[in-house]
Amino acid sequence: MLTIRSLGHACYTLSDGTHTVIFDPWLTGNPEAACSPGDVRVDAVLPSHGHSDHLGDAIEISKRLNVPIIAVYELTMYCQRHGAPVAPMHIGGAHDFPFGRVKLTPAWHGSSVVGDDLIEYTGMPCGFVVTMDGRNVYYAGDTALFSDMKLIGELDPLEVAILPIGDNFTMGMKDAAKAAEFLQAKAVIPTHWSAFDVIKCDPEDYAALIEPLGIKCVILRPGEEAQF
Ligand code: NI
Ligand code: MN
């Protein structure tokens with residue numbers, strides 16, 4: 001059994017009861033964070049890209065627990081320079097870790113760390129297919145709709161997909177409904193819909209789009225979890 005818990009915005013933990021990984025651990029400064037970075041206990045940290053609402057507290061968590069940041073090469077080099085242990089990968093590649101398998105998928109977005117007087121490029125943004133307990137979970141990251149999502153679900157049949165729906169920076173609901181259709185996941189968790197005014201929307205409206213397609217919509221508010 002897999003447990004997915006929302007920690008607010010695009011931050012989720014995925015656990016098989018023995019091992020846990022965390023996606024996009026933005027907790028410090030996140031208006032809806034369900035815990036603080038010091039509460040996090042995980043085996044690996046998976047940031048999808050360098051934007052602050054995704055990379056978040058990744059470096060601090062990774063250093064404190066001495067667990068790897070798994071990401072694209074350029075982003076891992078940034079994290080390594082700041083003292084974090086890393087496992088560099090890149091789009092299309094998969095690797096078996098002690099907790100399970102991670103495959104990096106494409107995402108149509110940007111990736112950088114924006115400082116006061118510098119924008120530092122951190123490689124391509126990505127999504128992740130994580131296989132734990134024999135089941136595949138797709139975390140899309142921030143992305144537009146793309147038709148190759150069909151291949152992601154075809155190659156690794158998906159138990160659940162975590163898809164952004166908030167529009168403006170990522171897919172909106174209509175495109176995310178097409179994404180759900182392409183992916184053929186048994187269930188979809190909508191994400192990236194609440195932390196900023198410009199992306200605020202009602203995930204129940206998204207449920208109404210995908211449930212007629214036979215895809216279960218699992219809405220998780222910060223601190224809520226679901227079993228798959
Ligand atoms: Ni982003
Ligand atoms: Mn974002």
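Just follow the structure's listing: the first ligand is 1, and inside any ligand the first atom is 1. Heads up: numbering here begins at 1 and tracks the sequence. As a basis for the values below, the full set of heavy atoms in this structure was taken, side chains included, without hydrogen atoms, waters or symmetry mates.
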Peer 1: Going by distance alone, is a donor N or O of one side chain under 3.5 Å from an acceptor N or O of the other, for Ser112 and Glu120?
Peer 2: no

Peer 1: Does any N or O in the side chain of Gln80 come within less than 3.5 Å of the main-chain N or O of Pro85, such that one atom is a donor and the other an acceptor?
Peer 2: no

Peer 1: Is there a donor-acceptor pair under 3.5 Å between the side chain of Tyr139 and the backbone N or O of Ala10?
Peer 2: yes

Peer 1: Group every Ile, Leu, Val, Met, Phe, Trp and Tyr by side-chain heavy-atom contacts under 4.5 Å, then state whether Trp193 and Trp26 land in the same group.
Peer 2: no

Peer 1: For the Ni ion (ligand 1), count the protein N, O or S atoms found under 2.8 Å away.
Peer 2: 4

Peer 1: Look at the side chain of Glu32 and the backbone N and O of His9, then say whether any donor-acceptor pair between them is shorter than 3.5 Å.
Peer 2: yes

Peer 1: Does a donor on one side chain sit under 3.5 Å from an acceptor on the other, for Asp142 and Thr170?
Peer 2: no

Peer 1: So, at under 2.8 Å, which protein N, O or S atoms would a careful student list around the Mn ion (ligand 2)?
Peer 2: Asp53 OD2, His54 NE2, Asp142 OD2, His192 NE2

Peer 1: Atom CE of Met124 and atom OG of Ser48: how far apart are they, to the nearest 0.5 Å?
Peer 2: 13.0 Å

Peer 1: Applying the side chain to side chain contact (heavy atoms under 4.5 Å, CB included) test to Phe228, which of Asp133, Leu14, Ile4 qualifies?
Peer 2: Ile4

Peer 1: Spell out, as yes or no, whether a donor-acceptor pair under 3.5 Å connects the side chain of Ser15 to the backbone of His19.
Peer 2: yes

